[in-house]
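The structure appears below as structure tokens.
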Amino acid sequence: DAATSAAPSAKRVPTVNPLNGRPFSSTYHELREQRMKLPVSGFLDDLEKRLRTSQVVIVEGETGSGKTTQIPQFLVHAGLGTEAGGKLVGCTQPRRVAAMSIAQRVADEMDVKLGEEVGYTIRFEDVTSDSTVLKFMTDGMLLREAMADPELEKYGVIVLDEAHERTLSTDVLMGLLKEVLARRSDLKVVVMSATLDAGKFQDYFDGAPLLKVPGRTFPVETYFAAQPERDYLEAALRTVVQIHQSEPEGDILLFLTGEAEIEEACFRLRHEAESMPKELGRLDPRPLYSSLPPKQQRKIFDPAPAASVPGGKPGRKVVVSTNIAETSLTIDGIVYVVDPGFSKQKVYNPRVRVESLLVSPISKASANQRSGRAGRTRPGKCFRLYTEKAFHEELIEQTYPEILRSNLSTVVLTLKQLGIDDLVHFDFMDPPAPETMMRALELLNYLGALDDEGHLTQVGERMSKLPLEPQLARMVLSSSELGCAADVITIAAMLSAPTPFMRPKGQETEAREAKSHFSHPEGDHLALLHAYQGYEESGFSQDWCWENFIDSRAMKQATSIRSQLENIVRRIGLSVTGMAPGSRGYYPLIRRALTAGFFMQVAHLDRTLSGHYLTIKDNQVVQLHPSTCLASKPQWVLFHEFVQTSKNFIRTCTAIDGDWLVDVAPHYYDLRSFPKCEARRDLEIIYLRKAQELKKGGGRAAAAASS
Ligand code: ADP
Ligand code: MG
């Protein structure tokens with residue numbers, strides 16, 4: 001029939017798109033040719049057969065074999081679990097970039113417009129419509145959807161992609177889906193994984209059938225560094241240049257850890273390229289990281305530049321990427337991989353309640369995935385910038401699942417909202433450490449989201465409606481009570497978007513000068529507020545952003561997040577008001593609302609330690625991040641982020657009053673459980689003063705009553 005004939009395994013070439021009745025374009029036919037050559041296309045019928053008899057199927061296949069792009073669209077055409085009642089096929093991705101990029105690719109392949117039959121949803125961005133039948137989304141978004149729709153009724157099939165990454169959300173989803181599958185016999189689940197650990201998924205899903213898709217890879221020669229490299233960025237750039245100068249044609253993939261590093265690498269490579277002879281062909285760096293706008297992201301797929309002079313060598317593209325190019329996205333034509341051996345990884349220390357992203361050594365499994373990227377289209381080479389000894393002796397076999405190294409407060413709030421009270425017996429594939437779980441429960445209890453029995457309170461219910469981490473959510477709710485939600489929602493939105501303050505290379509002084517116009521002596525949160533207010537006053541002008549070294553993309557995002565948050569707060573039934581900006585009491589009120597959410601992320605100036613700060617209760621030595629706009633060193637600061645590098649920094653800091661801490665969180669600032677330190681002595685003074693004031697006030701009241 002027309003529906004199945006659009007699947008690539010069918011012999012007859014269709015002419016009309018069964019999804020919208022429009023004739024197929026010529027691009028469709030071109031892409032179809034390519035798709036049919038992907039290893040996975042020979043296994044689609046088999047997958048369908050297995051899914052007809054089993055609710056869950058595990059698919060394991062080499063990266064690039066076509067799992068992500070082919071299987072979800074095949075499931076749409078096969079009508080599995082979706083034919084009755086027009087249900088959706090949903091496919092999760094651990095990363096936003098992958099969700100967006102793959103949705104675009106699959107929309108092209110299915111010859112439909114992105115956002116119509118094929119769409120995507122990531123936090124704060126929904127590109128779907130009523131006609132959507134296939135939706136890509138981050139795993140975190142599906143988890144959010146489960147909170148409103150615990151049976152996931154909208155979906156006929158759910159594809160959990162990149163399950164081997166074992167992200168926090170995917171792990172929680174697997175546990176939830178196991179429960180939903182037992183209640184919904186019509187639901188199908190496909191778990192897709194790139195590595196050999198499929199047995200673990202099979203066991204977890206009660207012996208679900210496994211479909212193995214062989215990869216199509218060529219041999220990759222691996223080279224190790226002879227000596228450990230002191231500066232991996234330097235070494236990486238040197239290696240890229242050497243490849244370009246001496247190796248035959250073929251593109252390069254360089255793995256780095258984050259935006260700043262990647263931009264710096266691209267900048268330096270472009271600079272190097274200028275001084276190379278034209279006959280060598282142009283060296284063309286292309287960045288890839290999550291906050292890069294989609295249009296620029298897509299450039300990684302464009303072919304390398306042609307020869308710059310007749311008879312010269314063709315140009316060479318260098319994709320400089322985060323981990324996302326490790327398994328999520330496949331770029332054809334990569335022949336050389338440069339692997340410094342690092343990635344940014346989430347690390348959580350429950351003892352000091354700090355979760356941070358740290359540049360850490362990758363695992364052996366990651367290193368092997370990375371080198372595999374060089375052999376996609378022909379034999380390739382991988383240059384590891386670490387020694388063979390380090391590979392064998394220092395790299396762990398596999399990265400630990402994220403659930404074992406994360407702050408679990410958001411997850412616990414989600415599960416509580418879903419009515420899962422018994423977290424100890426929840427079926428986690430790898431149960432988190434009890435201490436981490438306790439910390440999460442404790443934090444939610446301090447925030448008032450859970451009562452002392454661990455049950456969700458009304459505050460907790462409301463917090464779970466906001467797509468924000470618990471402290472931010474609490475801050476927003478409190479601001480509504482205090483009458484400054486209009487401004488605090490702005491701050492929450494700005495904190496959820498990328499940083500707006502730009503520092504282009506070579507213009508650092510001008511950028512700093514521009515930023516100083518937004519500074520407020522009492523804190524960085526207020527600078528964010530000012531930046532937004534300036535943008536709003538300019539009529540959301542891009543030119544204004546340009547003139548003020550403000551990232552207009554970040555501002556657009558913040559504006560959209562802001563309006564979504566405001567809508568949710570109104571829907572909860574809370575007010576969104578604010579004082580006149582700059583009026584008396586305006587800033588203190590806002591800072592008080594910040595305190596109501598972040599009273600656990602506070603540091604106290606330590607006079608004995610030459611101007612360092614100590615975090616409350618944990619007594620970690622920290623410093624204000626150099627980017628702060630605080631004019632002096634206030635006695636108490638709250639911070640948004642703890643940054644661990646060679647030193648411990650607190651970033652995005654605002655001055656607060658010690659009095660507010662005992663006002664908003666007397667249960668947390670209870671001296672009976674407070675360690676001995678300078679902060680404690682200051683708190684004792686505050687409590688003493690408050691008691692005296694109360695007595696005086698009480699005395700006056702008594703006098704007034706008796707007269
Ligand atoms: P897997 O999920 O098994 O790793 P994918 O389905 O992501 O594989 O990719 C299969 C192939 O589709 C890739 O090898 C690549 O050739 C092609 N492809 C995927 N996305 C794009 C894109 N955005 N542009 C061009 N080609 C793409
Ligand atoms: Mg994939």
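All heavy atoms count here, side chains included; hydrogens, waters and symmetry mates do not. Just so it is clear, the model here is predicted, and its values are computed rather than measured. Counting starts at 1 for both ligands and their atoms, in listed order.
In summary, the side chains of Gln345 and Ser343 do present a donor paired with an acceptor at a separation below 3.5 Å, with no hydrogens or angles considered. Judged purely by distance below 3.5 Å, without hydrogens or angles, the side chains of Glu263 and Tyr289 pair a donor atom with an acceptor atom. Side-chain polar atoms of Ser363 and Thr399 form a donor-acceptor pair below 3.5 angstrom.
Between Thr327 and the options Arg373, Gln369, Glu62, Glu162, a side-chain hydrogen bond (donor to acceptor under 3.5 Å, both in side chains) holds for only Glu162.
Ring pair Phe428/Phe426 is perpendicular by interplanar angle, where above 60° counts as perpendicular and below 30° as parallel. Below 30°, between 30° and 60°, or above 60°: for His29 and Phe24 the angle between ring planes is above 60°, a perpendicular geometry.
The proximity of Gln34 to ligand 1, defined as any non-hydrogen pair under 4.0 Å, does not occur for either the backbone or the side chain.
Cation-pi contact between Arg384 and Tyr223: absent, since separation from the ring centre below 6.0 Å together with deviation from the ring axis within 45° is not met. Cation-pi check for Arg378 over Phe218 is not met; the charged atom does not lie both under 6.0 angstrom from the ring centroid and within 45 degrees of its normal. Cation-pi geometry between Lys178 and Tyr204 is met: under 6.0 angstrom from the ring centre, within 45 degrees of the axis.
Of the N or O atoms in Thr63, none lie within a sub-3.5 Å distance of an N or O in ligand 1. For Ser328, no nitrogen or oxygen atom sits less than 3.5 Å from a nitrogen or oxygen atom of ligand 1, counting backbone and side chain alike. On a distance-only criterion, Lys67 and ligand 1 share at least one N/O pair closer than 3.5 Å. Where the criterion is an N or O separation shorter than 3.5 Å, residue side chain and backbone included, Gly66 meets it with respect to ligand 1. By the 3.5 Å distance cut-off applied to N or O atoms, Gly64 is counted among the residues near ligand 1. On a distance-only criterion, Thr69 and ligand 1 share at least one N/O pair closer than 3.5 Å. Considering backbone and side-chain atoms alike, Glu109 places every N or O at 3.5 Å or more from each N or O of ligand 1. Checking only distances, Asp332 does come within under 3.5 Å of ligand 1, N or O to N or O.
Which of Gln70, Arg105, Gln73 comes nearest to atom 22 (C) of ligand 1 through a heavy atom is settled by distance: it is Arg105.
Residue Gly61 places no heavy atom under 4.0 Å from ligand 1. Judged by the shortest distance from any of its heavy atoms, Met192 lies outside the 4.0 Å radius around the atoms of ligand 1. Note on ligand 1: Glu62 sits in its first shell, one or more heavy atoms being nearer than 4.0 Å.
Ion pairing between a basic and an acidic side chain is recognised when a charged N comes within 4.0 Å of a carboxylate O; Glu33 and Lys37 show no such pairing.
When hydrogens are left out, the protein atom nearest atom 14 (O) of ligand 1 is Arg376 NH2, 2.5 Å; that is the closest non-hydrogen contact.
Not one N/O/S atom of Thr330, from backbone or side chain, sits under 2.8 Å from the Mg ion (ligand 2).
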